[in-house]
Amino acid sequence: MSCESEARKRFAALSDADRSHWLDAAEAEFCAHGFEEASFNRILAAAKESKGRTYHYFAGKDEMFRATLERRARLAGSIDETAALNAKDAAGFWAEIASVCDRLTVAFLADAAFAELARILHREAAARRAFAEPLKALERRTEALIRAGQSLGAVRDDLPLRLLVTVALDLAASIDRWFADNTGAMTDAEASALSARAFSLLAAPFLPHSEIPT
């Protein structure tokens with residue numbers, strides 16, 4: 001097991017209060033300065049922690065950003081696709097996917113820190129590299145969703161699976177980025193209505209087609 005994995009395991013074993021000791025300070029720093037401009041030393045000063053003790057739990061700033069965003073995503077609410085994976089028919093599948101998208105919009109509206117960390121992830125390549133492992137897991141979950149949709153006749157199967165996964169992730173990232181950037185200027189009702197309409201952008205490319213134009 002890598003040193004990073006060992007440090008992550010040690011950090012996970014801490015109490016919520018002990019983890020928050022670092023992550024509250026990290027979240028404030030990342031939200032104020034972004035990922036690249038955030039200072040590891042300022043985080044440690046705010047947390048009143050030494051580098052030696054911190055490196056016992058974090059391999060560096062990358063790992064701290066990952067832990068910060070993962071915690072905020074959990075606090076913002078569960079964005080769980082299990083119901084879509086277990087849908088019984090095509091209509092149920094798309095209804096559950098729409099529900100996941102709506103819950104994500106609600107999370108952005110309710111949690112300014114979550115929205116800001118999402119903006120940083122979309123805006124900064126270095127932040128995406130720091131979050132590469134969870135993003136890879138998201139890719140695997142997206143592939144599983146597409147396969148589940150295909151098994152129900154809800155998702156087209158006339159294109160390579162990897163192409164469909166790539167399109168789904170790119171579209172979802174574009175929509176998430178826009179909502180993270182703009183929901184603060186809307187009422188909850190306006191954002192919810194727009195989210196429902198924007199869902200068609202995500203669903204349309206994946207609906208089965210009996211005739212493909214040539």
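The residues of the chain are indexed from 1 along the displayed sequence. We use all heavy atoms of the structure for the numbers below, so side chains are in, but hydrogens, waters and symmetry mates are not.
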Peer 1: Between F114 and L104, is there a side-chain heavy-atom distance shorter than 4.5 Å?
Peer 2: yes
Peer 1: Should Q150 and R156 count as side-chain neighbours, where that means a heavy-atom distance under 4.5 Å?
Peer 2: no
Peer 1: Do V155 and P208 come within less than 4.5 Å of each other through their side chains, counting heavy atoms only?
Peer 2: no
Peer 1: I'd like to check N41 versus K51 (side-chain heavy atoms, cut-off strictly below 4.5 Å). Are they in contact?
Peer 2: yes
Peer 1: Under 3.5 Å, side-chain donor or acceptor atoms of residues 119-128 against the rest of the protein: list the pairs with distances, not counting sequence neighbours.
Peer 2:
| unit_1 | atom_1 | unit_2 | atom_2 | d |
| --- | --- | --- | --- | --- |
| R119 | NE | E116 | OE1 | 2.9 |
| R119 | NH1 | A180 | O | 2.1 |
| R119 | NH2 | E116 | OE1 | 2.7 |
| E124 | OE1 | F35 | N | 3.4 |
| E124 | OE1 | E36 | N | 2.9 |
| E124 | OE2 | F35 | N | 3.0 |
| R128 | NH1 | L121 | O | 3.2 |
| R128 | NH1 | H122 | O | 2.7 |

Peer 1: Do H33 and S39 have side chains that approach each other closer than 4.5 Å (heavy atoms only, starting at C-beta)?
Peer 2: no
Peer 1: According to ring pair (Phe, Tyr, Trp, His ring centres under 6.0 Å), who are the partners of F11, at least two apart in sequence or on a separate chain?
Peer 2: F58
Peer 1: When you look at S99 and R103, which way does the side-chain hydrogen bond (donor to acceptor under 3.5 Å, both in side chains) test go after all the steps?
Peer 2: CA-CA 6 Å; S99 179; R103 292 197 301 273; 2.7 Å; yes
Peer 1: Identify all side-chain donor-acceptor contacts of residues 165-172 below 3.5 Å with residues at least two apart in sequence or on another chain.
Peer 2:
| unit_1 | atom_1 | unit_2 | atom_2 | d |
| --- | --- | --- | --- | --- |
| T166 | OG1 | R162 | O | 2.9 |

Peer 1: Is there a donor-acceptor contact under 3.5 Å from the side chain of W94 to the main chain of A154?
Peer 2: yes
Peer 1: Considering only NZ, NE, NH1 and NH2 on the basic side and carboxylate oxygens on the acidic side, decide whether R129 and D62 come within less than 4.0 Å.
Peer 2: no
Peer 1: Sort out for me which residue in R147, R141, R140 forms a salt bridge (charged side-chain N to carboxylate O under 4.0 Å, His left out) with E143.
Peer 2: R147
Peer 1: Kindly say whether L14 contributes a backbone atom to a donor-acceptor pair with the side chain of D18 at under 3.5 angstrom?
Peer 2: no
Peer 1: Does D16 have any salt bridge (charged side-chain N to carboxylate O under 4.0 Å, His left out) partners at least two apart in sequence or in another chain, and if so, which?
Peer 2: R19
Peer 1: Could you tell me whether the side chain of I97 reaches within less than 4.5 Å of the side chain of F199, counting heavy atoms only?
Peer 2: yes
Peer 1: Spell out, as yes or no, whether a donor-acceptor pair under 3.5 Å connects the side chain of S20 to the backbone of L23.
Peer 2: no
Peer 1: The criterion is salt bridge (charged side-chain N to carboxylate O under 4.0 Å, His left out); which residues satisfy it with R177, sequence neighbours excluded?
Peer 2: none
Peer 1: If the condition is salt bridge (charged side-chain N to carboxylate O under 4.0 Å, His left out), which residues does D24 pass it with, not counting sequence neighbours?
Peer 2: R71
